[in-house]
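Reviewing the structure listed below.
Atoms within each ligand, like the ligands themselves, are counted from 1 in listed order.
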Amino acid sequence: MSAPPRVLTVAGSDSGGGAGIQADLKTMLALGVHGMSVVTAVTAQNSLGVQGAWELPAEAVRAQYRSVVDDIGVQAIKTGMLASAELVEAVAELIGGTDAPAVVDPVGVSKHGDPLLAASALDSVRTKLLQVATVATPNLDEVAQLTGVLVESESGMAEAAAAVLSYGPRWVLIKGGHLPGDAVDLLTDGSEEHWLRAPRYDNRHTHGTGCTFASAIASQLAKGQTVPEAVAAAKEYVTGAIAAGFALGGGIGPVDHGWRFRADGGA
Ligand SMILES: Nc1ncnc2c1ncn2[C@@H]1O[C@H](COP(=O)(O)OP(=O)(O)OP(=O)(O)O)[C@@H](O)[C@H]1O
Ligand SMILES: Cc1ncc(COP(=O)(O)O)c(N)n1
């Protein structure tokens with residue numbers, strides 16, 4: 001049997017299993033690729049928030065990355081929580097030296113508002129990490145932090161996209177999930193514009209949406225799709241996962257990474 005495409009996530013661990021490394025690996029399994037991980041930080045986290053976070057030394061991050069890339073190889077990479085300027089710079093350098101598309105989710109804070117990236121790392125994200133991204137996937141809060149552009153409606157998304165593209169990613173996906181109305185995102189490389197629209201589900205259990213979306217894009221890229229094809233397929237997957245999100249614990253539950261298996265009556 002031939003091996004499935006291989007996808008690497010470089011991200012933080014979410015002990016609650018809804019976001020971070022755990023969301024990424026579940027998404028990769030659901031989309032039929034072989035998921036691998038470089039852990040950047042460990043969080044003590046649940047449906048109520050982040051109770052603690054511990055960053056790994058840059059040396060441990062580099063060693064995990066080399067172990068995977070040098071032996072197994074990767075067809076796509078996804079980055080999530082990178083915690084500090086030192087880790088952002090180390091990861092940007094590693095990705096820059098690897099011949100695989102990279103989906104960069106510039107994670108800043110958790111859904112509960114807990115910081116997952118030091119303020120002192122923002123400049124490294126702007127000048128080092130975005131440059132090596134094939135697709136950058138900021139939400140509107142991350143757009144504001146990185147570029148100063150405040151988006152209050154769909155009409156502001158193109159300006160936000162141009163501001164992010166000025167830092168060098170090939171494509172940017174501006175996620176409008178935090179706006180009212182339909183869940184609308186804009187994908188552009190500065191010449192093509194693709195608007196992705198889905199119904200908004202009135203479901204508070206949306207922990208992990210951003211991680212899931214970015215990992216789904218990386219999985220589809222690893223299968224050989226173009227960026228617009230990969231983002232369209234990933235949008236369909238994340239929308240189904242949000243629609244099926246379920247309650248766990250006393251707060252915000254996770255999206256359902258296994259919704260397609262369950263829809264088929266399996267799992
Ligand atoms: N209630 C919802 N119903 C349908 N789609 C949604 C909903 N909320 C967000 N989305 C979509 O989910 C995807 C992720 O967007 P979002 O803006 O939530 O990312 P994010 O804030 O980075 O996620 P996270 O908070 O997990 O980091 C986008 O395609 C967005 O349009
Ligand atoms: C380790 C880790 N990575 C990313 C997120 C963002 O996900 P969300 O915004 O849904 O909390 C998170 N909460 N934890």
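Of all atoms in ligand 2, numbered sequentially from 1 with element shown, those under 4.0 Å from a heavy atom of Gly12 are 1 (C). Using a 4.0 Å cut-off to heavy atoms of Gly208, the atoms of ligand 1 that qualify are 26 (O). Close contacts between ligand 1 and Phe213 involve ligand atoms 13 (C), 28 (C), 29 (O) [criterion: under 4.0 Å to a heavy atom]. Those atoms of ligand 1 with a heavy atom of Lys175 less than 4.0 angstrom away are 14 (C), 15 (O), 17 (O), 19 (O), 20 (P), 22 (O). Residue Pro199 has at least one heavy-atom neighbour below 4.0 Å for each of these atoms of ligand 1: 3 (N), 4 (C). Counting atoms of ligand 1 from 1 in the listed order, those under 4.0 Å from a heavy atom of Asp185 are 28 (C), 29 (O), 30 (C), 31 (O).
For Arg200, heavy-atom contacts with ligand 1 shorter than 4.0 Å involve the backbone as well as the side chain. Within the 4.0 Å heavy-atom criterion, the part of Ala19 lying near ligand 2 is the side chain and not the backbone. Counting heavy atoms closer than 4.0 Å to ligand 1, residue His207 contributes nothing at all. Under 4.0 angstrom from ligand 2, there are no non-hydrogen atoms of Ala41.
For atom 20 (P) of ligand 1, the nearest non-hydrogen atom of the protein is Asn139 ND2, 3.6 Å. In terms of protein heavy-atom proximity, atom 13 (N) of ligand 2 is nearest to Gln45 OE1, 2.7 Å. The protein non-hydrogen atom at the shortest distance from atom 10 (O) of ligand 2 is Gly208 N, 2.7 Å. Shortest contact from atom 5 (C) of ligand 2 to any protein heavy atom: Leu116 CD1, 3.5 Å. When only non-hydrogen protein atoms are considered, atom 5 (N) of ligand 1 lies nearest to Ala183 CB, 3.2 Å. The nearest protein atom to atom 9 (C) of ligand 1, hydrogens excluded, is given as Gly177 CA, 3.7 Å; this is a heavy-atom distance. Protein heavy atom closest to atom 8 (P) of ligand 2, with residue, atom name and distance, is Lys111 N, 3.6 Å. With respect to atom 4 (C) of ligand 2, the closest heavy atom belonging to the protein is Cys211 SG, 3.6 Å. In this structure, the protein non-hydrogen atom closest to atom 3 (N) of ligand 1 is Tyr201 N, 2.9 Å.
A heavy-atom separation below 4.0 Å is not found between Ala243 and ligand 1. Residue contacts with ligand 1 include Ile242, since one of its heavy atoms falls under 4.0 Å from the ligand. Heavy atoms of Ala19 come nearer than 4.0 angstrom to ligand 1 in no pair at all.
Compare Val107, Ile174, Thr209 by their heavy atoms: the one nearest to atom 18 (O) of ligand 1 is in Thr209. The closest heavy-atom contact to atom 2 (C) of ligand 2, among the options Gly20, Ala83, Gly80, comes from Gly20.
Considering backbone and side-chain N/O of Thr239, none are found under 3.5 Å from N/O of ligand 1. For ligand 1, the polar-atom distance check against His178 finds a nitrogen or oxygen pair separated by under 3.5 Å. Residue contacts with ligand 1: Glu142 is placed with no nitrogen or oxygen under 3.5 Å of a nitrogen or oxygen of the ligand (distance criterion only). Checked against a 3.5 angstrom limit, the closest N/O atoms of Ser110 and ligand 2 fall outside it. Remark: ligand 1 and Asn203 share no N or O pair separated by less than 3.5 Å (distance only, no angle test).
Residues Trp54 and Leu116 are members of separate hydrophobic clusters, defined by side-chain heavy-atom contacts under 4.5 angstrom among Ile, Leu, Val, Met, Phe, Trp and Tyr. The hydrophobic cluster containing Val103 does not contain Leu25, counting ILVMFWY residues as joined when their side-chain heavy atoms lie under 4.5 angstrom apart, directly or transitively. Side-chain heavy atoms closer than 4.5 Å link hydrophobic residues (I, L, V, M, F, W, Y) into clusters, and following such links, even through other members, never connects Leu248 to Ile242. Transitive grouping of hydrophobic side chains (ILVMFWY, heavy atoms separated by less than 4.5 Å) keeps Met28 and Tyr237 in distinct clusters. Leu129 and Leu221 fall into different hydrophobic clusters, where Ile, Leu, Val, Met, Phe, Trp and Tyr are joined by side-chain heavy atoms under 4.5 Å apart, directly or via other members.
Residue Asp70 places its CG atom among more than 12 non-hydrogen atoms of other residues, nucleotides or ligands, all under 6.0 Å distant. Counting heavy atoms of neighbouring residues, nucleotides and ligands inside a 6.0 Å radius, atom CD of Glu159 does not exceed 12 of them. More than 12 heavy-atom neighbours from other residues, nucleotides or ligands sit within 6.0 angstrom of CD on Gln51. Atom CD of Glu86 sits in a sparse spot, with 12 or fewer heavy atoms from other residues, nucleotides or ligands closer than 6.0 Å.
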Show the numbers, then the answer: is there a side chain to side chain donor-acceptor pair (under 3.5 Å) between Thr212 and His257?
CA-CA 8 Å; Thr212 301; His257 297 100; 2.8 Å; yes

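Using modelled atom types, one side-chain atom of Arg200 and one backbone atom of Gly181 make a donor-acceptor pair closer than 3.5 Å. A side-chain donor-acceptor contact under 3.5 Å links Thr40 to the backbone of Ala11. In this structure a side-chain-to-backbone donor-acceptor pair under 3.5 Å is missing from Asp256 to Gly245.
For Lys26 and Ser215, the side-chain atoms include no donor-acceptor pair closer than 3.5 Å.
Rounded to the nearest 0.5 angstrom, Asp24 CG and Leu29 CG are separated by 13.0 Å.
When each of Arg62, Arg126, Lys128 is paired with Glu89, the salt bridge (charged side-chain N to carboxylate O under 4.0 Å, His left out) condition holds for Lys128 and for no other. The side-chain contact (heavy atoms from CB on, under 4.5 Å) test with Leu187 singles out one residue from Thr137, Leu173, Ile217, and that residue is Leu173.
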